[in-house]
J.: 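Okay, handing you the structure first.
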Amino acid sequence: MEILKQILSSDLGSSFNDASILVFRILLAIQLFRVHGLKKFRLENGQREVIPNPLGLPDQLNAIVASFADLVVPFLIILGLGTRLAVLPTIGVTAIGYFVVHRKDSLEVRDVPFMYTLSLLLILALGAGRYSLDYYLLNIL
């Protein structure tokens with residue numbers, strides 16, 4: 001239990017910092033869900049999104065990981081629930097997008113997975129802050 005408390009707790013030092021990371025988490029997660037998550041449901045030209053599989057995983061597993069990273073993780077980030085653990089699959093997906101899928105693309109194309117990866121790494125490093133379910137569950141209950 002102590003290791004889980006260390007992973008999930010975060011002390012950002014001030015209410016301003018806690019509010020800042022809350023706004024950052026919410027805006028990032030909404031954008032991730034709207035742009036990448038909802039693509040999993042949309043049909044374009046009568047076709048569903050083709051999810052790249054650069055690691056050669058079984059197609060079903062690849063689709064589950066990508067869908068989880070873009071559909072479920074944003075809600076966990078918004079709630080601040082298991083935040084540091086929750087961002088790991090999405091960091092993996094965005095980093096693979098940057099280093100593998102788009103490695104030969106222009107910087108303009110590579111910019112999107114790069115910025116998502118950096119943003120998620122910031123959340124991983126700082127945690128969810130005081131305005132989160134992580135804080136509530138660890139300190140109130």
Side-chain angles (χ1 to χ4, degrees), residues 1-140:
M1 181 64 173
E2 188 60 34
I3 188 126
L4 189 60
K5 192 170 190 172
Q6 286 181 329
I7 291 170
L8 297 179
S9 67
S10 62
D11 181 3
L12 301 179
S14 73
S15 293
F16 178 80
N17 292 347
D18 288 314
S20 298
I21 198 70
L22 172 66
V23 170
F24 182 77
R25 283 187 358 243
I26 290 171
L27 294 176
L28 178 69
I30 288 170
Q31 188 70 4
L32 178 64
F33 179 78
R34 285 181 60 221
V35 174
H36 299 281
L38 291 179
K39 274 199 295 188
K40 307 291 186 271
F41 297 112
R42 263 186 267 148
L43 294 178
E44 297 205 13
N45 300 324
Q47 300 290 320
R48 287 205 181 271
E49 176 191 28
V50 175
I51 300 171
N53 190 358
L55 301 181
L57 298 173
D59 288 337
Q60 188 77 15
L61 177 61
N62 186 63
I64 289 170
V65 170
S67 296
F68 180 80
D70 293 342
L71 293 167
V72 176
V73 169
F75 289 101
L76 297 174
I77 292 171
I78 289 170
L79 295 172
L81 181 60
T83 311
R84 284 190 170 120
L85 297 174
V87 298
L88 292 175
T90 309
I91 289 171
V93 168
T94 59
I96 289 168
Y98 179 75
F99 289 110
V100 180
V101 176
H102 297 292
R103 74 179 180 279
K104 294 182 181 180
D105 291 338
S106 69
L107 288 177
E108 291 81 8
V109 173
R110 296 179 79 202
D111 185 53
V112 173
F114 178 74
M115 293 308 295
Y116 274 116
T117 303
L118 280 182
S119 298
L120 293 164
L121 286 170
L122 180 66
I123 292 172
L124 177 67
L126 296 179
R130 182 176 297 176
Y131 306 122
S132 67
L133 285 179
D134 288 346
Y135 181 86
Y136 178 77
L137 293 172
L138 292 172
N139 295 294
I140 307 299

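Numbering starts at 1 and runs along the sequence shown.
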J.: Atom CG of L8 and atom CG of L133: how far apart are they, to the nearest 0.5 Å?
T.: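 Those atoms lie 11.0 Å apart.
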J.: Checking L55 against N62 for the side chain to side chain contact (heavy atoms under 4.5 Å, CB included) test, could you report, in this order, the C-alpha distance in whole Å, the side-chain angles of both residues, the deciding distance, and whether it holds?
T.: CA-CA 9 Å; L55 301 181; N62 186 63; over 6 Å; no
J.: Should we count CG of D111 as having more than 12 external heavy atoms under 6.0 Å?
T.: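 Enclosed: over 12 neighbouring heavy atoms sit under 6.0 Å from CG of D111.
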J.: Would you find a donor on one side and an acceptor on the other, under 3.5 Å apart, between the side chain of R110 and the backbone of L107?
T.: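 Not a single qualifying donor-acceptor pair exists.
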J.: Do the side chains of Y116 and Y98 get nearer than 4.5 Å, heavy atoms only?
T.: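 No. Closest side-chain heavy atoms not under 4.5 Å.
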J.: Check whether any side-chain heavy atom of V35 lies under 4.5 Å from a side-chain heavy atom of D70, and answer yes or no.
T.: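 Not touching, per the 4.5 Å side-chain cut-off.
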J.: If I compare all heavy atoms of V109 with all of D105, which pair ends up nearest, and what's the gap?
T.: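 So the two residues come closest at CG1-OD2, 3.5 Å.
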J.: When rounded to the nearest 0.5 angstrom, what distance separates OG1 in T117 from CG in L124?
T.: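 Taking OG1 in T117 and CG in L124, the distance rounds to 11.5 Å.
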J.: Calculate, to the nearest 0.5 Å, the distance between atoms CG and CG belonging to L137 and L4 respectively.
T.: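 It comes to 10.0 Å.
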J.: Can you tell me how far apart CG (D134) and CG (N139) are? Round to the nearest 0.5 Å.
T.: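 D134 CG to N139 CG: 10.0 Å, rounded to 0.5 Å.
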J.: CZ of F99 to OG1 of T94: how many Å apart, nearest 0.5 Å?
T.: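 Answer for the CZ-OG1 pair, F99 versus T94, is 9.5 Å.
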J.: Which of these passes side-chain contact (heavy atoms from CB on, under 4.5 Å) with R25: I78, L122, L79, I123?
T.: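 When I78, L122, L79, I123 are each tested with R25, the side-chain contact (heavy atoms from CB on, under 4.5 Å) holds only for I123.
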J.: List the atom of V112, the atom of H36, and the distance in Å for their closest heavy-atom pair.
T.: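 Looks like CG1-NE2, 4.1 Å.
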J.: Suppose we screen for ring-ring contact (aromatic ring centres under 6.0 Å, His included). Which residues come up paired with Y135, at least two apart in sequence or across chains?
T.: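 Not a single residue meets the ring-ring contact (aromatic ring centres under 6.0 Å, His included) criterion with Y135.
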J.: What are the two closest heavy atoms between P54 and V101, and how far apart are they?
T.: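 Closest pair (atom of P54, atom of V101, distance): CG-CG2, 3.7 Å.
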J.: State, to 0.1 Å, how close T83 and A128 come at their nearest heavy-atom pair, and which atoms those are.
T.: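 Taking every non-hydrogen atom into account, OG1-CB, 3.3 Å.
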J.: Quick one: does R84's side chain have a donor or acceptor within less than 3.5 Å of a partner on L126's backbone?
T.: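 Yes; judged by distance alone, with no hydrogens or angles, the pair exists.
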